[in-house]
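Everything below concerns the one structure shown next.
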Amino acid sequence: MIKVLANVEIYPEANFTKSPVIIRNTDGVVSLSCTENNAKIYYTLDGSIPTKNSTHYLFPFELKNGGTITAFTLVDDTYKSNSVSQKYG
């Protein structure tokens, strides 16, 4: 009789991709940033959860009348961060 000492399983690498930071200055200009290398940031302005088909952030933009920005970071088209939201009134 052979006894099993342990079952070994392989799991995917944990995702520790950093979420983007959303900042709006006093002029209503929004900047999105992330410290991850090779990161792309995708966002929506209506509070919906963004996907890879959402707007790809390239440069700061105006949001003078307010709204809800939701964004996530995608690294190497593989590792996705949690989505973050910020509401401006």
Side-chain angles (χ1 to χ4, degrees):
M1 172 193 239
I2 299 175
K3 292 185 179 182
V4 175
L5 297 176
N7 289 325
V8 178
E9 296 183 36
I10 298 174
Y11 295 95
E13 178 182 351
N15 176 7
F16 296 111
T17 301
K18 295 177 185 172
S19 296
V21 175
I22 303 169
I23 298 173
R24 181 176 175 234
N25 68 18
T26 56
D27 294 325
V29 176
V30 174
S31 297
L32 307 178
S33 63
C34 182
T35 58
E36 295 279 354
N37 291 329
N38 301 318
K40 294 179 183 175
I41 299 174
Y42 294 90
Y43 68 96
T44 61
L45 297 177
D46 62 2
S48 64
I49 302 298
T51 67
K52 285 173 56 173
N53 296 323
S54 298
T55 304
H56 177 208
Y57 177 78
L58 297 173
F59 46 84
F61 57 90
E62 286 188 2
L63 188 69
K64 292 191 182 240
N65 296 324
T68 301
I69 302 165
T70 306
F72 77 92
T73 304
L74 187 65
V75 176
D76 297 328
D77 289 327
T78 303
Y79 302 104
K80 180 182 175 194
S81 73
N82 291 326
S83 293
V84 292
S85 292
Q86 185 66 49
K87 184 175 185 174
Y88 297 102

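Looking at residues two or more places apart in sequence or on another chain, you find no salt bridge (Lys or Arg N to Asp or Glu O under 4.0 Å) involving Asp27. For Glu9, the side-chain hydrogen bond (donor to acceptor under 3.5 Å, both in side chains) test picks out Tyr11, with sequence neighbours left out. In this structure Ser83 satisfies the side-chain hydrogen bond (donor to acceptor under 3.5 Å, both in side chains) test with no other residue, sequence neighbours excluded. Annotation: side-chain hydrogen bond (donor to acceptor under 3.5 Å, both in side chains) contacts of Thr68 (sequence neighbours excluded): none. With sequence neighbours left out, Asp77 forms a side chain to side chain contact (heavy atoms under 4.5 Å, CB included) with Lys40, Leu74.
Scanning both residues, Ser54 and Thr44, for their nearest heavy atoms gives OG-CG2, 3.7 Å. The nearest pair of heavy atoms linking Val29 to Glu62 is CG2-CG, 4.1 Å. Counting all heavy atoms, side chain and backbone alike, Cys34 lies closest to Pro20 at CB-CA, 4.4 Å. Of all heavy-atom pairs between Phe72 and Lys80, the closest is CD1-CG, 3.4 Å.
No side-chain heavy atom of Thr73 sits under 4.5 Å from any side-chain heavy atom of Lys18.
Here the side chain of Thr70 pairs no donor or acceptor atom with the backbone of Ile49 at under 3.5 angstrom.
Residue Asn25 places its CG atom among more than 12 non-hydrogen atoms of other residues, nucleotides or ligands, all under 6.0 Å distant.
Using modelled atom types, one finds a donor on one side chain and an acceptor on the other under 3.5 Å when comparing Asp46 with Ser48.
Atoms NZ and CZ, from Lys64 and Arg24 in turn, are 9.0 Å apart once rounded to the nearest 0.5 Å.
Chaining together hydrophobic side chains whose heavy atoms lie under 4.5 Å apart places Ile69 alongside Ile22, Val30, Leu32, Ile41, Tyr43, Leu45, Tyr57, Phe61, Leu63, Val84, Tyr88.
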